[in-house]
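All residue numbers refer to positions in the sequence shown, counting from 1. Since the model is a prediction, treat every value here as computed from it, not as a measurement.
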Amino acid sequence: FSVLRSGAIKSSKFCPNPLVRSGIPNFADVITNPKCRGTPAYNSFWEEQTYYAVNGYDTGGMHIPGRYYKFVNFDTFRGIAGDNIRAELHDFQLDYAYLIEQAKTEHKNIVLPKARRKSVTTMNLSMVVDYGYRFLLNYKAAIVAGKQEFADTFFDEWKYLDSKAHPEFKIKKMPGGDRSDIIAGYKDIFGNEQGTRNAQYYRTVFHDPNILKGKFLHDLIMEECGENEHLVETTNASMDCLMQGDIQRGTIYYAGTGGNMNRGSKGFKKIWHEYQAFNCLRLFIPSTVFFFPYYAGATDPISGKVVEDIPNLLHLKPHERVGWSDEERALVRIEERKKQLLEKADMKEYFDFCQNNPTTVKEVFRKSSSNNFDIIRLNDQ
């Protein structure tokens, strides 16, 4: 899955998002042409799209997972410039889709420390939870956070994604749902419950790690792990939810930035370093990836103009560098910012910046303090 970070040069025929590039044809677009519904051409088009979403898609000599095809073609998100934002093409997002498929195949979990604003919540929202909810049978997922605000944010973002779903992929929800449960289904004219009964459970860990007891889960999202001081206890209490006998069927996703190392991030750090004991695959997303405007195709959200600053990628043709980040250039700019903060002598601000924009895993798990000791030497020690 890491091949793209090492530089996969794209073919001129590489186009993972044909529906965004070309749009939905008139004969299959019920929004602009309601009479097309049910026609042979309409049925054939959406059967093909569903096939790609489930089985993957071949483009420009590469095979992309179906969950990534869904992510870049069907989904609409909120962004800095407003609503109705489509996913940009970034190799680290495709890497993550490959990693999910590997974890599913090998029955493993994923631990992913990251810099802030790398769209990992969006990827988990789209490529994991929403994907399973719409395309898998008997699917169950849980989203667990250490603070209510993180669970609420995930829930609100999913509600927006659901509201923008294509009519062909709309799913009815059982009445009476709240911010804790979403159940796919409906009641027929006789009052009987029908539908897939696919479910999403939203939970917050305060004092009780047994919040998922008795459930079976395909996916368990541990949201903002750096802010969950009961992370390890919740993991241990939830493992039975993922098991079929002694085989792990479900997947846990540990994602987050660093936090208070004396509390929240302690368990996150333990899982990262003892990943084999927690049956995890590891992936670190540094701040040098997808750091605006140091990646191919970086576009100003207000003006719409391309403002990419990628001097180390200019030897590649525009189509060859699709999805690439100029990590070398981004690193220079990040180090310049760190130097400015050190000159201010505000070590708390400096370490907050390092945790939010780590270039190494070490920076994710660093401690910060306002005491009089040399905190850099303490962390090195």
Side-chain angles (χ1 to χ4, degrees), residues 4 10 12-26 28-32 45-46 48-54 56-60 62 64-98 100 116-135 153-154 156-171 285 289-308 310 318-319 321-325:
L4 299 183
K10 309 302 189 304
S12 59
K13 296 181 179 180
F14 178 75
C15 179
N17 57 345
L19 295 190
V20 175
R21 295 283 185 89
S22 305
I24 299 174
N26 187 59
D29 189 352
V30 295
I31 296 177
T32 60
F45 178 84
W46 286 108
E48 182 180 50
Q49 294 304 312
T50 302
Y51 179 88
Y52 294 150
V54 173
Y57 181 71
D58 295 314
T59 176
M62 295 177 62
I64 62 175
R67 58 185 78 239
Y68 182 76
Y69 184 84
K70 167 193 177 295
F71 177 62
V72 296
N73 282 281
F74 300 142
D75 293 341
T76 304
F77 311 98
R78 291 191 178 105
I80 296 176
D83 295 343
N84 299 323
I85 303 300
R86 293 288 190 178
E88 297 179 281
L89 301 182
H90 298 287
D91 280 358
F92 82 95
Q93 294 173 338
L94 181 52
D95 280 343
Y96 189 50
Y98 287 136
I100 295 170
R116 290 205 182 275
R117 304 197 66 83
K118 299 304 177 187
S119 72
V120 172
T121 293
T122 300
M123 291 191 293
N124 281 336
L125 172 78
S126 169
M127 292 197 285
V128 179
V129 175
D130 191 71
Y131 179 83
Y133 181 77
R134 297 188 197 282
F135 293 105
T153 297
F154 199 104
D156 291 337
E157 291 302 313
W158 181 82
K159 291 287 285 185
Y160 182 83
L161 178 66
D162 180 60
S163 71
K164 300 296 182 179
H166 282 271
E168 291 73 20
F169 299 139
K170 286 280 189 183
I171 297 179
I285 299 181
V289 172
F290 185 34
F291 190 74
F292 187 85
Y294 311 111
Y295 56 82
T299 304
D300 183 88
I302 306 301
S303 67
K305 295 181 179 179
V306 175
V307 292
E308 61 185 18
I310 50 172
H319 70 265
R321 59 180 183 248
V322 169
W324 284 43
S325 296

**Q** With rounding to the nearest 0.5 angstrom, report the OG1 to CG distance, Thr76 to Leu161.
**A** 7.5 Å
**Q** Any idea how Tyr57 and Tyr69 line up, ring-wise: parallel (<30°), tilted (30 to 60°), or perpendicular (>60°)?
**A** tilted
**Q** Of the non-hydrogen atoms in Pro167 and Ile31, which two are nearest, and what is the gap between them?
**A** CG-CG1, 4.1 Å
**Q** CG/Leu94 to CE/Met127 distance, rounded to the nearest 0.5 angstrom?
**A** 8.0 Å
**Q** OG of Ser325 to CZ of Phe292: how many Å apart, nearest 0.5 Å?
**A** 12.5 Å
**Q** Give the minimum heavy-atom separation between Arg134 and Asp162, together with the two atoms involved.
**A** NH2-OD1, 2.8 Å
**Q** With rounding to the nearest 0.5 angstrom, report the CE to CZ distance, Met123 to Phe92.
**A** 5.0 Å
**Q** Does a side chain donor of either Thr121 or Glu157 reach within less than 3.5 Å of an acceptor in the other side chain?
**A** no
**Q** Roughly how far, to the nearest 0.5 Å, is CZ of Arg86 from CZ of Arg21?
**A** 13.0 Å
**Q** Run the numbers on Glu168 and Val30 for side chain to side chain contact (heavy atoms under 4.5 Å, CB included), then give the verdict.
**A** CA-CA 9 Å; Glu168 291 73 20; Val30 295; 3.6 Å; yes
**Q** Just verifying a value: how many Å separate Ser119 OG and Phe77 CZ, rounded to the nearest 0.5 Å?
**A** 8.5 Å
**Q** Using the test side-chain contact (heavy atoms from CB on, under 4.5 Å), find all partners of Pro25 that sit at least two apart in sequence or belong to another chain.
**A** Phe27, Ala28, Phe45
**Q** Can Phe169 and Trp46 be said to form a side chain to side chain contact (heavy atoms under 4.5 Å, CB included), step by step?
**A** CA-CA 10 Å; Phe169 299 139; Trp46 286 108; 3.9 Å; yes
**Q** Is there a side chain to side chain contact (heavy atoms under 4.5 Å, CB included) between Val129 and Phe154? Walk through the geometry before answering.
**A** CA-CA 10 Å; Val129 175; Phe154 199 104; 4.0 Å; yes
**Q** With a 3.5 Å distance limit and no angle check, can you tell me whether Lys164 reaches the backbone of Lys159 through a side-chain donor-acceptor pair?
**A** no
**Q** Looking only at non-hydrogen atoms, find the nearest pair between Asp130 and Lys70 and report the distance.
**A** OD2-NZ, 2.9 Å
**Q** What side-chain donor-acceptor pairs closer than 3.5 Å can you find for residues 12-20, not counting sequence neighbours?
**A**
none

**Q** Does a donor on one side chain sit under 3.5 Å from an acceptor on the other, for Tyr68 and Asp95?
**A** no
**Q** Nearest heavy-atom pair of Ala298 and Pro293: which atoms, and what distance?
**A** CB-O, 3.6 Å
**Q** Might you point out which heavy atoms bring Lys10 and Met62 nearest each other, and give the distance in Å?
**A** CD-SD, 4.0 Å
**Q** Of all the heavy-atom pairs spanning Ser126 and Phe71, show the shortest one and how long it is.
**A** OG-CD1, 3.3 Å
**Q** Quick one: list whatever passes side-chain contact (heavy atoms from CB on, under 4.5 Å) with Glu88, sequence neighbours left out.
**A** His90, Phe290, Tyr295
**Q** Evaluate the criterion side chain to side chain contact (heavy atoms under 4.5 Å, CB included) for residue pair Ile24 and His166; output intermediate values, then yes/no.
**A** CA-CA 11 Å; Ile24 299 174; His166 282 271; 3.1 Å; yes
